[in-house]
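First the proteins, then the strands, lettered A, B, ... as listed; each starts at 1. Just so you know, these numbers use all the heavy atoms, side chains as well, and skip hydrogens, waters and symmetry mates. Just so we're clear, the structure is a prediction, and the values are computed from it rather than from any experiment.
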Amino acid sequence: MRLSAKARENIAGWLFVAPVIVILGLFMLLPILMAMWVSLTDWNGQGSPFKSGVPFVGFDNYSKLFTEDGLTRQDFMTSVRNNIYYVGIVVPVQTVLALGLALVVNSRMLKGKGFFRAAFFFPSVTSSVAISVVFLFIFASSGAVNNLLAFFGVQGPQWFADARGILHLVLGGLGVVDVDNPPAFLTSGGPFGLSWWDWLAGPSVAMSTIMLLVIWTTSGTFMLMFLAALQDIPVTLEEASMLDGAGRWKRLRFVTLPMLKPTLFLVLTMGIISTWQVFDQVYVMSQGAPGKTTLTPAYLSYTQAFDSFEYGTGTAISFVLFAIIVLFTIVQRWLLRERNA
Amino acid sequence: MATVRANHGARTVASTFVGYFILVFFALVFLYPFVIQLSASFKTEPNAALTPLNPVPDPFVTDAYHKVFLSTDMPLWLGNSLIVTIAITLGRVLLDSMAGYALARLRFRGRKALFSAVIAILAVPGVVLFIPKFLVLKQFGMYDTYTALILPIIADAGGVFIMKQFFESIPRSVEEAARIDGAGPWRTFWSVVLPMGRPALITLTIISFQSSWNELPHSLVAVQSPDLYTLPRGLAVLVSGSLGSGNQYPLKLGAAVLATIPVAIIFVVFQRYFVRGANEGADK
């Protein structure tokens with residue numbers, strides 16, 4: 001029997017995509033569905049989560065995260081607080097750094113572009129675990145950073161053991177509050193079982209080292225994206241603005257930056273999406289310590305499942321994280337549509 | 001006029017100086033940690049703790065590397081990492097380009113819907129899948145095997161996307177010629193289209209190699225027995241476990257150097273493909 005050319009192409013098409021469909025279906029889609037079920041149960045890791053003996057608890061695992069007072073909610077909210085500060089500082093800093101480096105590297109007067117581009121990009125391609133080991137050494141209490149600080153007469157902290165919040169330190173340093181004896185109206189209450197005082201801690205000193213590491217490793221990738229966009233800006237446009245007598249700052253402000261807007265946008269959203277997922281560095285460097293100040297939702301969901309065998313809570317946390325990230329993705333898509341229209 | 005020009009010239013010199021200052025400063029910030037890492041791995045333990053900033057190991061010793069190979073499971077981790085990375089890289093290059101080609105060129109029913117599904121999957125954040133992947137591997141009886149390390153990530157939506165974009169950019173005429181000669185879709189793909197796809201294939205090979213060589217979380221949820229540890233997993237265990245007395249920094253940093261070297265070599269040789277990979281990622 002001979003098939004028509006159209007039918008043959010149909011079959012060929014499906015055969016070509018079949019392996020990828022099977023892999024992504026079995027290991028991306030199916031797992032998500034299974035996890036949705038597990039997040040509604042109290043499964044403890046023994047046997048199959050689909051057996052009849054597994055207790056169904058409805059949305060209990062989710063309400064434990066948001067409405068029920070207890071250790072689970074406190075840990076979860078602490079991890080959310082930590083990650084909010086983490087995103088809020090890492091994303092702007094790495095974006096500005098990447099943009100700045102791209103502008104300098106792209107400058108026509110300077111030579112050695114290739115070398116500097118490679119130097120800034122190299123940390124991004126190396127193993128996050130290996131880099132974490134290096135930073136553990138560099139930020140050790142008698143390590144390279146504290147040696148450098150000592151050279152300037154500053155005594156560096158015990159980076160990884162220091163749970164003090166940066167914001168607390170700043171407020172205390174300015175004399176706004178007494179850190180050892182914080183005002184009662186801040187400590188007496190606050191949303192989601194965490195006091196206002198705790199919400200306002202800022203990232204801890206230990207968390208700052210992880211933030212520095214991540215800024216250091218990811219700026220290079222984003223710099224490359226800015227560089228690619230800068231090279232797409234027509235030279236004639238810059239020349240025209242120069243003839244019009246625009247100085248360097250004016251040119252940057254009114255010609256270059258507007259042209260970079262789509263890339264800037266992309267870098268910001270990619271940054272937000274990836275910073276909500278910080279895991280490897282926490283796993284290697286701090287395991288959530290000191291004082292739970294480096295706990296993140298991704299790491300918490302992992303430990304809930306694999307250390308405490310609370311698979312229901314763990315999967316519930318990962319779906320909340322999923323929702324947070326999807327929300328940011330949707331906002332990005334929506335804003336991009338506005339821009340394209 | 002002359003003073004204006006001189007002034008302008010002085011300003012150019014000044015800004016060139018500032019430009020180089022910024023570049024050199026940040027080059028140091030980005031590269032010196034690697035210098036510290038490399039030199040500390042050749043220092044003695046007390047020396048590494050006393051002179052962390054000094055780039056020259058004095059005395060120069062290779063004890064750390066002896067110890068890494070003799071008293072840790074480094075040879076095993078290296079072997080496992082190689083097996084897993086090579087299998088995943090080969091699998092991704094073949095499977096992603098097949099799917100990418102079909103989505104770009106073959107007209108079959110459901111193609112558009114499939115491509116939308118690929119885009120949707122691209123948006124699924126990896127950390128969300130930790131526990132779900134573990135559940136599926138347990139359910140299939142694959143947990144704690146080489147299959148678990150390799151199979152779930154042997155195809156990826158990002159690679160399919162890159163290959164589809166690439167195949168759409170090459171002219172159709174070559175394939176039509178092959179088709180007129182009577183070649184079927186597979187022959188056309190294998191002996192006509194793939195050879196033309198070299199730049200995209202190299203890019204995909206490199207980013208697959210780099211990401212699977214560095215992969216930690218997948219190993220955490222796929223296996224538990226130390227015999228199946230890959231290098232990042234072994235390194236993570238080495239760092240968190242206090243291996244004997246002291247901090248053992250030269251040993252840990254030496255192990256980290258070994259984890260960094262393969263990717264570093266590929267980076268130096270194939271830098272422009274890395275750059276391309278980073279920017280392809282941006283097009284998603």
Side-chain angles (χ1 to χ4, degrees), chain A residues 9-10 12-14 16-17 19-20 23-24 27-28 30-32 34-35 38 48-49 101 104 107 109-110 116 118-120 122-123 125-130 133-134 137-138 142-144 147-148 221 224-225 228 266 273 277 279-280 283-284 298 301-302 305 311 314-315 318 321-322 325 329, chain B residues 16 19-20 22-23 26-27 30-31 33 36-37 40 49 52-53 95 98-99 101-102 106-109 111 114 121 123-133 135-136 139 152 154-155 157 160 185 210 214 216-217 232 235-236 239 249 252-253 256 259-260 263 267 271 274-275 278-279 282:
Chain A
E9 195 162 327
N10 228 330
W14 279 102
F16 270 70
V17 292
V20 168
I23 300 288
L24 295 184
F27 297 106
M28 299 278 283
L30 182 67
I32 292 177
M34 284 175 71
V38 169
S48 162
L101 289 177
V104 179
S107 151
M109 287 172 301
L110 305 179
F116 289 113
F120 301 155
F122 182 62
V125 302
T126 55
S127 149
S128 55
V129 178
V133 179
V134 176
F137 177 61
I138 291 178
S142 63
N147 263 343
L148 209 58
T221 315
L224 283 185
M225 288 166 56
L266 190 69
I273 288 171
Q277 302 191 53
F279 177 85
D280 291 16
Y283 181 87
V284 177
S301 98
Y302 173 82
Y311 288 88
T315 42
S318 55
L321 189 57
F322 196 0
I325 293 169
T329 315
Chain B
T16 307
Y20 277 121
I22 294 173
L23 288 179
F26 277 100
F30 281 95
L31 293 182
I36 290 179
Q37 174 191 18
L53 273 170
L95 302 181
M98 278 167 62
Y101 175 67
L106 300 177
R107 267 152 299 189
F108 60 97
R109 209 173 299 152
R111 181 174 75 152
L114 261 181
I121 281 175
V124 177
V127 291
V128 169
L129 288 167
F130 289 178
I131 307 169
K133 266 191 201 157
L135 295 173
V136 156
Q139 195 74 21
I154 204 167
V160 173
Q210 181 239 357
N214 293 341
L216 171 72
L235 188 54
V239 175
Y249 272 120
K252 292 171 184 173
L253 291 167
T260 312
V263 176
F267 178 79
Q271 204 214 114
F274 266 109
V275 172
N279 286 323

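- Interface remark: A:T315 contributes backbone and side-chain atoms alike to the contact with chain B (heavy atom separation under 4.5 Å).
- Using cut-offs of 30° and 60° on the angle between ring planes, the pair B:F130 and A:Y302 is perpendicular.
- Remark: B:L106 CG to A:N10 CG distance equals 9.5 Å, nearest 0.5 Å.
- Using a 4.5 Å cut-off between heavy atoms, A:F116 contacts chain B through its side chain alone, with no backbone atom that close.
- At a 4.5 Å heavy-atom cutoff, A:I273 makes no contact with chain B through either its backbone or its side chain.
- Taking chain B as the reference chain and counting heavy-atom pairs below 4.5 Å, the highest number among A:L148, A:T221, A:V133 is found for A:V133.
- Heavy atoms of A:I32 lying under 4.5 Å from chain B belong to its backbone as well as its side chain.
- Here A:T126 is the residue among A:I325, A:V284, A:T126 with the most heavy-atom pairs under 4.5 Å with chain B.
- Heavy-atom distances place the side chain of A:F279, and not its backbone, under 4.5 Å from chain B.
- For the set A:P123, A:A12, A:P19, A:A35, the entry with the most heavy-atom pairs within less than 4.5 Å of chain B is A:P123.
- Once rounded to the nearest 0.5 Å, the distance linking CG of B:L129 with OG of A:S318 reads 8.5 Å.
- The structure places CG of A:L321 at 6.5 Å from CD of A:Q277, a figure rounded to the nearest 0.5 Å.
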